[in-house]
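A note on names: the letters A, B, ... follow the listed sequences, proteins ahead of strands, and every chain is numbered from 1.
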Amino acid sequence: MIQLSILRNDPQAIIERLALKNYNAKSLVDEILKCDDERRFTQKTLDDNLAESNKIAKTIGEFFKSGKAQEANALKETTVELKKTAKDLEEKLNGLESTLNGLLVQLPNPPHSSIKPGKTPEDNEIVYSEGKMPELAESAVPHWDLAARYNLIDFELGNKITGAGFPVYKGKGARLQRALINFFLDNAVAAGFTEIQPPLMVNEASAYGTGQLPDKDGQMYHAQIDNLYLIPTAEVPVTNLYRDMILKEKDFPIKNVAYSACFRREAGSYGKDVRGLNRLHQFDKVEIVQIQHPDKSYETLEEMREYVCGLLRKLELPFRVLKLCGGDMSFTSALTYDMEVWSAAQQRWLEVSSVSNFESYQANRMKLRYKSDDGKINLAHTLNGSALALPRIVASLLENNQTEAGIVIPKALISYTGFEIIN
RNA sequence: GGAGAGAUGGCCGAGUGGUCGAAGGCGCACGCCUGGAAAGUGUGUAACCGCCAAAAGUGGUUCAUGGGUUCGAAUCCCAUUCUCUCCGCCA
């Protein structure tokens, strides 16, 4: 969430920047500032009251010690009223604090100053594109047909044992999945990331820390008996590794990579978008997460973007990079690049990665801070990106590389798959 | 799941009603020592929220969490959570 001190300092600037996300923050900001004023006033009153009580308690102690029980007992009387008002004030303060927090959490992250306004994905800016669109034969088919033809993925079997959106990978399909996971992990480790195997379920505090709660709880699977959430992305556990920590400046940058299965309820999705591998309830993803000094986070964002492009290049997939407009950005992001690959048989672009700088938005929620060399404590910046999400990569690999003879595996992957063609 | 023990600062660990934000040690930072380092030695070393234009200063809060007893709680009581040990079950 946004830092209260910044909001207090220049509320107008925040309101203007949030307008880029098509979010009218005026009334909420006013409410926050009003609540904050009241909170500070209440605390001042309470603090004064407690200071008085503390003083009296100390005096009573001294009286008892020096044998003046009478004076001590007399003083006790005077505390009755103080205690009563202290209790009232404390309740009021607690109420105000939780109200304030509840309001603050509703404010999205203000976008970076370079973000352009916009309402729909069509307003996103294409900042880069690379690769040649394959020209497929007349007989080319979408990946779900290829998956069935070569017995790679069984959607029906997934329906039977779990439900829609939980495919079963088989044979070379399963092997291709494993190859991609290893390929992505090896590349990340070579680029200096530390491999992490995180839990696939997280507690409430973690889901809150990265911003899934309180707004998007309907998007996560929830194991209610134990109050745990299935992770929608490895970002959640891997970023929360650093929750409630004060890092040292020399710890930066922290670079972690994790493979995990991801679980998303995708409530409300339907139609052609969800066909085949386009949108699943469970899918595999390799995620990179960085924690960085605020002065360097945008530099790091560009590095991460370039890193992801490098992976797509190695896989020989035509891709483009979008810089998201204000309206298409997520609640928690300050700047997001989406990478899309061309899916030749579907004739559409598929999002396979989203690389974002959250600045201090997540860090503030999870109290992830660092101590600078001069001893000051500040919030760190968090960033993450898919590198990469598997299903749509698989979809476009299958579609783009289909030939009469079978599906050709890109060179970079062959040492991982152990085969050159699927036929 | 059953029985028991426990939760204190970055870490270890003392503290059973006031002088305790908390001994001691480790770690860390800076200095001395040294040709340099190690050892030794000295000093310092929590976070959060207020007040103040800000720094300085100062008030408050925090010894797992939430409540209670008390003029006063790390210390006593209750609940919750978590950890450990033993038993059971088990990849």
Side-chain angles (χ1 to χ4, degrees), chain A residues 1-11 32-105 197 199-209 223-229 237 240-252 254 261 291 360 363-380:
Chain A
M1 65 192 157
I2 191 162
Q3 284 170 266
L4 186 54
S5 55
I6 291 174
L7 187 65
R8 220 187 275 162
N9 238 6
D10 193 353
I32 288 170
L33 293 177
K34 193 171 142 243
C35 185
D36 181 46
D37 271 347
E38 205 182 338
R39 175 196 127 243
R40 280 146 74 199
F41 176 77
T42 307
Q43 185 179 342
K44 175 84 178 104
T45 317
L46 175 62
D47 283 358
D48 291 347
N49 174 300
L50 291 175
E52 181 71 16
S53 299
N54 289 343
K55 222 164 79 185
I56 293 173
K58 210 164 264 180
T59 311
I60 291 174
E62 279 158 19
F63 276 146
F64 273 126
K65 219 181 297 170
S66 53
K68 299 179 188 162
Q70 199 129 33
E71 283 90 333
N73 285 321
L75 254 189
K76 278 193 199 177
E77 306 282 316
T78 67
T79 63
V80 175
E81 196 59 29
L82 278 173
K83 277 179 72 172
K84 203 169 142 276
T85 47
K87 189 157 189 183
D88 291 346
L89 285 167
E90 214 166 302
E91 255 166 52
K92 189 174 169 199
L93 184 63
N94 285 341
L96 285 166
E97 275 172 356
S98 71
T99 305
L100 181 62
N101 202 56
L103 294 171
L104 270 174
V105 155
Q197 273 197 31
L200 302 182
M201 299 182 108
V202 294
N203 58 28
E204 240 175 308
S206 297
Y208 177 85
Q224 296 196 0
I225 293 179
D226 298 295
N227 198 23
L228 296 173
Y229 293 88
N240 273 283
L241 255 25
Y242 302 90
R243 171 151 48 85
D244 286 322
M245 277 181 89
I246 299 177
L247 303 164
K248 292 187 182 129
E249 205 164 338
K250 65 172 191 235
D251 294 335
F252 293 131
I254 289 174
I291 297 168
S360 62
N364 193 30
R365 284 187 171 212
M366 65 173 82
K367 300 292 166 256
L368 196 187
R369 294 162 294 171
Y370 71 96
K371 190 176 247 177
S372 62
D373 294 337
D374 61 6
K376 288 225 171 72
I377 288 173
N378 285 307
L379 292 168

Self-check item: Any A:V105 side-chain heavy atom under 4.5 Å of A:Y208 side chain
Solution: yes

Report all interatomic pairs (protein N or O, nucleotide N or O of nucleotides 66-68 of chain B) with separations under 3.5 Å.
unit_1 : atom_1 : unit_2 : atom_2 : d
B:G68  : OP1    : A:K87  : NZ     : 2.8

Quiz item: For RNA chain B, which consecutive runs of 3 or more Watson-Crick or G-U pairs (each distance under 3.5 Å) count as stems?
Solution: B:1-7 with B:81-87, B:10-12 with B:24-26, B:27-32 with B:40-45, B:46-51 with B:57-62, B:64-68 with B:76-80

Quiz prompt | A:E249 atom CD, over 12 foreign heavy atoms within 6.0 Å | solution = yes

Practice problem: State the CD1-CG distance between A:I6 and A:L379, to the nearest 0.5 angstrom. | Solution: 8.0 Å

Quiz item: If we take the P atom in both B:G59 and B:C52, what is their distance in whole Å?
Solution: 16 Å

Quiz item: Pick the nucleotide of RNA chain B nearest each of A:T79 and A:G61; which residue has the one closer to the 5' end?
Solution: A:G61

Exercise. Indicate yes or no for a side-chain donor-acceptor contact from A:N49 to the backbone of A:L82 under 3.5 Å, with no hydrogens or angles considered.
Key: yes

Quiz item: For A:L82 and B:C71, what is the distance between atoms CG and C1' respectively, to the nearest whole Å?
Solution: 11 Å

Quiz item: To the nearest Å, how far apart are A:L93 CG and B:C51 P?
Solution: 12 Å

Quiz item: Is A:K367 atom NZ crowded by more than 12 heavy atoms from other residues, nucleotides or ligands, each under 6.0 Å away?
Solution: yes

Exercise. Show your reasoning for whether side-chain hydrogen bond (donor to acceptor under 3.5 Å, both in side chains) applies to A:D88 and A:T85.
Key: CA-CA 5 Å; A:D88 291 346; A:T85 47; over 6 Å; no

Quiz item: How many angstroms lie between atom CD of A:E38 and atom NZ of A:K92, to the nearest 0.5 angstrom?
Solution: 5.0 Å

Quiz prompt | Nearest-Å distance once atom C1' is located in both B:C12 and B:A23 | solution = 14 Å

Quiz item: Separation of A:L96 atom CG from B:C49 atom C1', in whole Å?
Solution: 14 Å

Self-check item: Atom-pair distance (NZ on A:K376; P on B:C48), nearest Å
Solution: 13 Å

Quiz item: Looking only at atom C1', what distance separates B:C89 and B:C20, rounded to whole Å?
Solution: 46 Å

Quiz item: Roughly, in whole Å, what's the span from CZ in A:F63 to C1' in B:U19?
Solution: 17 Å

Self-check item: For A:Y242, all residues meeting ring pair (Phe, Tyr, Trp, His ring centres under 6.0 Å), sequence neighbours excluded
Solution: none

Self-check item: A:K248 and A:D251: CA distance, side-chain angles, deciding distance, salt bridge (charged side-chain N to carboxylate O under 4.0 Å, His left out) verdict
Solution: CA-CA 5 Å; A:K248 292 187 182 129; A:D251 294 335; over 6 Å; no

Exercise. Provide the distance between the two P atoms, one in B:C32 and one in B:C84, to the nearest whole Å.
Key: 47 Å

Quiz prompt | B:C71 and B:C87, which share atom name C1', separated by this distance in whole Å | solution = 48 Å

Quiz item: Got a second to check how far A:D37's CG is from A:L100's CG, nearest 0.5 Å?
Solution: 10.5 Å

Self-check item: Distance, nearest 0.5 Å, that separates CE of A:M1 from CG of A:L7
Solution: 12.0 Å

Between the protein and nucleotides 60-62 of chain B, list every N/O to N/O distance that falls short of 3.5 Å.
unit_1 : atom_1 : unit_2 : atom_2 : d
B:G60  : OP1    : A:N54  : ND2    : 3.1
B:G60  : O2'    : A:D47  : OD1    : 3.1

Quiz item: Taking only N and O in the side chain of A:R39, is any of them less than 4.0 Å away from OP1 or OP2 of B:C49?
Solution: no

Quiz item: Are any of A:R369's side-chain N or O atoms less than 4.0 Å away from OP1 or OP2 of B:C48?
Solution: yes

Could you run down the sub-3.5 Å N/O contacts of the protein with nucleotides 72-75 of chain B?
unit_1 : atom_1 : unit_2 : atom_2 : d
B:G72  : OP1    : A:K83  : NZ     : 3.4
B:G72  : OP2    : A:K83  : NZ     : 3.4

Quiz item: A:L228 has an atom CG; how far is it from atom P of B:U81, in whole Å?
Solution: 13 Å

Quiz prompt | Whole-Å P distance, B:A64 and B:G1 | solution = 25 Å

Quiz item: Sub-3.5 Å donor-acceptor pair from the side chain of A:S360 to the main-chain atoms of A:N364, do we have one?
Solution: no

Quiz item: Separation of A:D244 atom CG from B:C48 atom C1', in whole Å?
Solution: 12 Å

Quiz prompt | Toward the 5' end of RNA chain B, by each residue's nearest nucleotide, A:R8 or A:K58 | solution = A:K58

Quiz item: For A:K371 and B:U45, what is the distance between atoms NZ and P respectively, to the nearest whole Å?
Solution: 11 Å

Self-check item: Shortest side-chain distance from A:I60, nucleotide among B:G50, B:C48, B:G18
Solution: B:G18

Quiz prompt | Atom P, compared across B:A74 and B:A22: separation rounded to whole Å | solution = 12 Å

Which side-chain N or O atoms in residues 71-80 of chain A pair as donor and acceptor under 3.5 Å with protein atoms at least two apart or in another chain?
unit_1 : atom_1 : unit_2 : atom_2 : d
A:N73  : ND2    : A:A69  : O      : 3.1
A:T78  : OG1    : A:L75  : O      : 2.6
A:T79  : OG1    : A:K76  : O      : 2.7

Quiz item: Just how far is it from atom OG of A:S98 to atom CG of A:L103, taken to the nearest 0.5 Å?
Solution: 9.5 Å

Exercise. Could you measure between the two P atoms, the one in B:G15 and the one in B:G6, and give it in whole Å?
Key: 13 Å

Quiz item: Are any of the side-chain nitrogens in A:K44 or A:D47 under 4.0 Å away from the carboxylate oxygens of its partner?
Solution: no

